[in-house]
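First comes the structure, then the notes that go with it.
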Amino acid sequence: MDWGLQNRLSRIIKPQDNRALMLAVDHGYFLGPTEKLENPAKVIAPLLKYCDSLMVTRGVQRSSVSATTDTPMVLRVSGGSSIIGEDLSQEDITVSIEDAIRLNASALAMSIFVGSKYEYQTVVNLGKLVSRAQKYGIPVLAVTAVGKELGKDARYLSLACRVAAEQGANIVKTYYCENFEKVVQSCPVPIIVAGGKKIPERDALQLTYNSIKAGAVGVDIGRNVWQSEHPVAMIRAVRSIVHGNSNVEQAFSLYKKLASEDSKHKSKQT
Ligand code: 5RP
């Protein structure tokens with residue numbers, strides 16, 4: 001593997017423990033001003049030092065992330081449909097490789113919609129993106145999108161992850177499901193699990209723990225961090241599982257302790 005690609009990958013999946021904690025803030029690319037992510041700069045700033053990498057669009061990276069950060073950027077380069085549009089699966093590549101390099105992206109991310117009307121377009125685009133990115137030693141993270149009409153079980157997710165890996169994706173982001181070990185075992189590249197919709201903190205920590213136990217290298221978590229009442233406490237608790245080998249009880253205790261300190265701090269300020 002070439003040096004540049006390996007170096008960029010090692011900024012995302014930490015070689016010390018082969019684990020990754022990615023903070024996802026790219027939701028606005030199809031959801032618009034997502035609840036509690038209305039002001040990305042405010043949300044991102046206190047969390048940046050606790051994640052290994054940030055999954056972001058170029059608009060938010062330029063406008064809302066300090067250029068002095070040393071946190072690696074996983075740049076979302078696909079888009080084209082919004083939540084109120086005709087078909088969410090109709091995505092194309094929206095960012096040139098030159099702009100991604102200008103933004104010093106450590107990896108490029110795009111979604112594929114296996115089983116949807118636009119399956120062909122998104123899978124071919126993934127292959128094209130890998131060819132372009134590979135030329136410059138930039139890894140590609142493929143997101144296996146799920147939707148109302150798309151499955152979320154091990155059979156479907158194994159298929160979608162494998163399709164992404166076969167196109168040359170260096171990392172695949174997918175969803176946790178029952179028998180997740182099967183999804184991991186049949187995917188020849190590292191898997192990162194997306195957090196999904198906001199659920200109670202303890203459940204999100206359980207999801208993180210289960211994902212890693214089943215063989216994922218880490219999580220790419222968004223709403224379950226910044227939609228929490230205590231985002232910093234939550235990302236630190238997630239981190240204690242990903243990099244500290246905490247179990248769910250230990251991580252949840254850490255969350256409660258940090259959350260209570262945060263509440264006291266906030267009440268002093270008011
Ligand atoms: C949106 C994405 C998100 O980055 C991904 O879903 C992770 O965020 P969350 O933990 O909120 O699900 O790819 O398409």
Side-chain angles (χ1 to χ4, degrees), residues 12 20-38 40 43-44 47 50-61 65 72-83 85 87-95 105-114 116 118 122 125-126 129 140-148 150 152 157 160-161 164 169 171-177 191-201 203-212 216-228 231 234-235 237-239 241-242:
I12 296 163
L21 173 51
M22 199 178 284
L23 175 66
V25 292
D26 59 320
H27 303 60
Y29 93 96
F30 74 101
L31 287 174
T34 317
E35 193 190 343
K36 294 212 179 175
L37 190 59
E38 293 88 350
V43 171
I44 295 165
L47 299 172
Y50 298 109
C51 62
D52 298 323
S53 62
L54 187 74
M55 182 166 176
V56 67
T57 59
R58 69 173 162 188
V60 167
Q61 185 179 327
V65 183
M73 298 293 138
V74 176
L75 184 66
R76 175 173 277 281
V77 297
S78 69
S81 299
S82 83
I83 192 76
D87 191 329
L88 263 184
S89 66
Q90 191 175 16
E91 280 197 2
D92 230 315
I93 296 171
T94 55
V95 178
S106 290
L108 310 181
M110 65 164 287
S111 299
I112 58 167
F113 295 80
V114 174
S116 79
Y118 293 96
T122 56
N125 278 343
L126 173 62
L129 184 69
V140 171
L141 177 149
V143 180
T144 70
V146 289
K148 274 183 215 117
L150 305 176
K152 221 178 171 180
L157 293 176
C161 289
I171 308 172
V172 176
K173 181 172 95 161
T174 194
Y175 288 84
Y176 184 77
C177 63
I191 291 192
I192 290 186
V193 170
K197 280 189 184 146
K198 175 79 178 78
I199 50 179
E201 278 77 6
D203 295 350
L205 294 171
Q206 185 75 58
L207 175 90
T208 303
Y209 182 82
N210 291 350
S211 303
I212 284 173
V217 294
V219 287
D220 180 24
I221 194 160
R223 288 163 288 182
N224 278 294
V225 166
W226 38 261
Q227 286 183 345
S228 165
M234 189 55 186
I235 198 167
V238 171
R239 191 174 179 87
I241 296 176
V242 175

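Given the structure is predicted, the values throughout are model-derived calculations rather than measurements. Just follow the structure's listing: the first ligand is 1, and inside any ligand the first atom is 1. Numbering starts at 1 and runs along the sequence shown.
Side-chain contact between Glu35 and Lys198 is absent, with no heavy-atom pair separated by less than 4.5 Å. Met110 places none of its side-chain heavy atoms less than 4.5 Å from the side chain of Glu91. With contacts defined as side-chain heavy-atom distances shorter than 4.5 Å, the pair Asn224/Ile199 qualifies. At a threshold of 4.5 Å between non-hydrogen side-chain atoms, the residues Cys51 and Ile235 count as touching. Contact of the Leu54 side chain with the Val74 side chain is not registered, since no non-hydrogen atoms from C-beta on lie closer than 4.5 Å.
In this model, no donor atom of one side chain and acceptor atom of the other lie less than 3.5 Å apart for Thr94 and Arg76.
Judged by distance alone, the side chain of Thr174 and the main-chain N or O of Thr144 form no donor-acceptor pair under 3.5 Å.
Residue-to-ligand polar distances place Asp26 within reach of ligand 1: an N/O pair is separated by less than 3.5 Å. Between Gly195 and ligand 1, a contact under 3.5 Å exists for at least one N or O pair. Taking only nitrogen or oxygen atoms, main chain and side chain alike, Met55 does not reach within less than 3.5 Å of ligand 1. For a threshold of 3.5 Å applied to N or O pairs, the pair formed by Gly196 and ligand 1 contains at least one separation below that value.
Ligand 1 has Tyr175 within reach: a non-hydrogen atom of the residue lies less than 4.0 Å from it. The shortest separation from a heavy atom of Asn224 to ligand 1 is not under 4.0 Å, leaving the residue out of contact.
Close approach of ligand 1 to Gly222 (heavy-atom distance below 4.0 Å) involves ligand atoms 8 (O), 9 (P), 10 (O), 11 (O). For ligand 1, the atoms sitting less than 4.0 Å from at least one non-hydrogen atom of Asp220 are 4 (O), 7 (C), 10 (O), numbered in the order shown with element in parentheses.
Counting heavy atoms under 4.0 Å from ligand 1, residue His27 touches it through the side chain alone.
Distances from atom 7 (C) of ligand 1 to the heavy atoms of Arg76, Arg223, Met110, Lys173 show the closest one on Lys173.
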